[in-house]
Amino acid sequence: MAKQFWLMKSEPDVYSYADLEREGRTHWEGVRNYQARNLMREMKAGDQVLYYHSRSTPPGVVGIAEVVKEAYPDFTAQDPDSHYYDPKSSAENPRWSMVDLAPVRRLESLVSLAALKGNPELEGMAVVKKGQRLSVQPVRPEEFAIVLEMAASGSPRAPE
DNA sequence: GCCAACGTTGGC
DNA sequence: GCCAACGTTGGC
């Protein structure tokens, strides 16, 4: 199957792109929305992900990640001590899934939500639509390419 | 921190 | 199966 593209949101205060770079790899635990879960279950190793910082100033795409492990049970749902514990999940019926991600590269500049909204070619992206809260979204190949072009032509990001 | 827009839960 | 109450997301 051809490589697929996605957008995944994370609050940088919880898990930022810098955290992913530092750790080199992570499991994407905590998705508790069925639509987002179902999309993760469609992911294949090698798929490319726009890494989006939400509840951030400004919110936007900061880097690229890659799917390195396809969907498997989210074990945090079965851990009573986890923030993501779900008593309705069990080993027999895991209910929630996660994938593993690794960083590919940080973008040359942040592509803000405002910039995404300002590009008419991206008006089909879920992230720019009002009321759209999905934390995992499919992205068309051409949309992915446009976002990378916007990052390359944007102003260099300030050092962190 | 506010709150609109959603999604989920559970009583009936 | 309806829908009110509640919880969450995420821009601002």
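Protein chains get the first letters and strands the later ones, always in sequence-line order, with residue 1 at the start of each. The figures that follow rest on heavy atoms only: side chains count, while hydrogens, waters and symmetry mates do not.
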- Query: How are the rings of A:Tyr15 and A:Trp28 set to each other: parallel, tilted or perpendicular (split at 30° and 60°)?
  - Reply: perpendicular
Is the shortest side-chain N/O distance from [X] to OP1 or OP2 of [N] below 4.0 Å?
X       : N      : value
A:Lys88 : B:dG10 : yes
A:Tyr52 : C:dG11 : yes
A:Lys9  : C:dT9  : no

For the pair made of [atom1] in [X] and [atom2] in [N], what is the distance, rounded to whole Å?
X        : N      : atom1 : atom2 : value
A:Glu11  : C:dC12 : CD    : P     : 15 Å
A:Tyr34  : B:dG7  : OH    : P     : 13 Å
A:Asp86  : C:dT8  : CG    : P     : 12 Å
A:Gln35  : C:dT9  : CD    : P     : 15 Å
A:Lys129 : C:dT9  : NZ    : C1'   : 18 Å
A:Arg133 : B:dC6  : CZ    : P     : 8 Å
A:Asn33  : B:dT9  : CG    : P     : 11 Å
A:Trp96  : C:dT8  : CH2   : C1'   : 12 Å

- Looking only at atom types and distance, does a side-chain atom of A:Thr26 sit under 3.5 Å from a main-chain N or O of A:Leu20, one as donor and one as acceptor? no
- Message: Tell me whether the side-chain N or O atoms of A:Arg32 pair up with the base of C:dT8 as donor and acceptor below 3.5 Å, since no angle test is needed here.
- Response: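 By the distance-only test, no, there is no pair.
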- Do you know which two heavy atoms are closest between A:Tyr17 and A:Ile64, and how far apart they sit? OH-O, 2.7 Å
- Look at all strands and tell whether A:Lys117 reaches a base, only sugar-phosphate, or nothing, counting heavy atoms closer than 4.0 Å.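 The residue A:Lys117 makes sugar-phosphate contact but no base contact.
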- Message: Within the 3.5 Å criterion, strictly below it, is a donor on A:Arg37 or A:Ser97 matched to an acceptor on the partner's side chain?
- Response: no
